[in-house]
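Presented below is the structure to which this report refers.
Below, read A as the first sequence line, B as the second, and so on, with proteins coming before strands; counting in each chain starts at 1.
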2 protein chains.
Amino acid sequence: METIKHRYSKQRETILQVVRSTVEHPTVDWIYTETRKDIPNISLGTIYRNLSQLVASGQLLKLKDEAMVRYDGNTGHHDHFRCFRCGKWFDVQILDQKSIEAFNQKHQFEIRSVNLELEGVCEDCLKT
Amino acid sequence: METIKHRYSKQRETILQVVRSTVEHPTVDWIYTETRKDIPNISLGTIYRNLSQLVASGQLLKLKDEAMVRYDGNTGHHDHFRCFRCGKWFDVQILDQKSIEAFNQKHQFEIRSVNLELEGVCEDCLKT
DNA sequence: AAGTAAATAGTAATAATTACTGTTAAGAAG
DNA sequence: CTTCTTAACAGTAATTATTACTATTTACTT
């Protein structure tokens, strides 16, 4: 793992705060719109570049929707459930550390990221 | 769940066979190229339409790579590990049915699909 | 054998993402 | 504090995976 030197930038700082300001697992587009409220002339390329960098440095998680990519400011271990009907993402807890440890003992793979995404119908949508 | 009537088509049949012919978790582009060996003038739209349909009917799984979408002809329950270095996908087994059942008892969500993707470095790449 | 609509080929349009270019500014070194 | 290097930037163009559209074909029903 080589260390890469990162300079501070107001743009990256703001983007990180924007993503952390919500639990809604925002899309790039939403992040762009929100960040422009603080920095009106920020470039879309800057959004993409910094989101990638923040994921690479472990400060954000990246999810993949049906079509779009989404981000999550909560980097503690948790899984995701997405509702087919309303499209919302929920933070859930399914996979336990034991299962991963058991896998590590069986294989020689070095796990660096875990991404468990469930899909189905959420409680609210089941009622209607 | 409404039932949708599907007519047979040689194109869909061929696409399914192509995806099932490999364990390499092929991309749409690869599937397109391979299928054209059998049906030279098949349209890319036909590939996309049928892949979606085959996923919807549970005959294929859909994975999301860094950038691209991939498909898997093995629909039995298993998880996926992707190597950062060589980019290969491996079929692995981590999540057990018990964890999912435990989740079902705690929540009212109706789970319809489970997708666990791990990333890291594979055995071969660790050696080099 | 005739009627229907599902599926197709071919092409155009869309939209997420990346690449490029000239400029700005963070942070190190003198 | 001043100079220097280059990471990061804004703005724009290019790329590319995917979807939409249209006229035609064909699987399957009656």
Does [X] place a side-chain N or O at less than 4.0 Å from the phosphate oxygens OP1/OP2 of [N]?
{"X": "Tyr48(B)", "N": "dT19(D)", "answer": "no"}
{"X": "Gln11(A)", "N": "dA10(D)", "answer": "yes"}
{"X": "Arg12(A)", "N": "dA8(D)", "answer": "yes"}

| query | Same cluster or not: are Leu61(B) and Phe81(B) linked, directly or through other Ile, Leu, Val, Met, Phe, Trp or Tyr residues, by side-chain heavy atoms under 4.5 angstrom apart? | reply |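 No, Leu61(B) does not connect to Phe81(B) through the hydrophobic network.
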Pairwise N/O distances under 3.5 Å, protein to nucleotides 2-4 of chain D:
none

| Check: Glu101(B)/Gln105(B) side-chain N/O donor and acceptor closer than 3.5 Å |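 No.
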With rounding to the nearest 0.5 angstrom, report the [atom1] to [atom2] distance, [X] to [Y].
{"X": "Lys127(B)", "Y": "Gln108(A)", "atom1": "NZ", "atom2": "CD", "answer": "8.5 Å"}
{"X": "Gln59(B)", "Y": "Ile15(B)", "atom1": "CD", "atom2": "CD1", "answer": "11.5 Å"}
{"X": "Ile100(A)", "Y": "Lys98(A)", "atom1": "CD1", "atom2": "NZ", "answer": "13.0 Å"}
{"X": "Gln11(A)", "Y": "Thr46(A)", "atom1": "CD", "atom2": "OG1", "answer": "6.5 Å"}
{"X": "Asp91(B)", "Y": "Asp79(B)", "atom1": "CG", "atom2": "CG", "answer": "9.0 Å"}
{"X": "Ile42(B)", "Y": "Thr35(B)", "atom1": "CD1", "atom2": "OG1", "answer": "5.5 Å"}

| Is NZ or CZ of Arg36(B) both nearer than 6.0 Å to the six-membered ring centre of Tyr32(B) and within 45° of the ring axis? |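 Yes, cation above the ring, under 6.0 Å and within 45°.
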How many whole angstroms separate atom [atom1] of [X] from atom [atom2] of [N]?
{"X": "Asn50(B)", "N": "dT19(D)", "atom1": "CG", "atom2": "C1'", "value": "15 Å"}
{"X": "Leu54(A)", "N": "dA8(D)", "atom1": "CG", "atom2": "C1'", "value": "13 Å"}
{"X": "Asp29(A)", "N": "dA16(C)", "atom1": "CG", "atom2": "P", "value": "7 Å"}
{"X": "Ile47(B)", "N": "dT16(D)", "atom1": "CD1", "atom2": "P", "value": "19 Å"}
{"X": "Leu51(A)", "N": "dA8(D)", "atom1": "CG", "atom2": "C1'", "value": "15 Å"}

| request: Would you mind listing every salt bridge (Lys or Arg N to Asp or Glu O under 4.0 Å) that reaches into residues 37-52 of chain A, with sequence neighbours excluded? | output: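 Residue pairs with at least one partner in residues 37-52 of chain A: Glu34(A)-Lys37(A).
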| Looking only at atom types and distance, does a side-chain atom of Ser99(B) sit under 3.5 Å from a main-chain N or O of Leu95(B), one as donor and one as acceptor? |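 Checked: no pair found.
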| request: Go through residues 30-44 of chain B and report each residue with a non-hydrogen atom lying under 4.0 Å from DNA chain D, sorted by number. | output: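 Heavy-atom contacts with DNA chain D come from Leu44(B).
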| request: Sequence neighbours left out, what passes ring pair (Phe, Tyr, Trp, His ring centres under 6.0 Å) with His78(A)? Give chain and number order. | output: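 If we apply the ring pair (Phe, Tyr, Trp, His ring centres under 6.0 Å) test to His78(A), skipping adjacent residues, the hits are His80(A).
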| End-to-end axis angle, where each axis spans five pairs of the helix from dT4(C)-dA27(D) to dG30(C)-dC1(D), to 10° |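 Rounded to the nearest 10 degrees, the bend comes out at 40°.
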Could you write out each protein N or O paired with an N or O of nucleotides 24-30 of chain C at a distance under 3.5 Å?
| residue | atom | partner | partner atom | Å |
| --- | --- | --- | --- | --- |
| dA26(C) | N3 | Arg7(A) | NH1 | 3.0 |
| dG27(C) | OP1 | Tyr8(A) | N | 2.9 |

| request: Please report the closest heavy-atom contact between Lys62(B) and Val55(B), naming both atoms and the distance. | output: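 Residues Lys62(B) and Val55(B), closest heavy atoms: CB-CG2, 4.2 Å.
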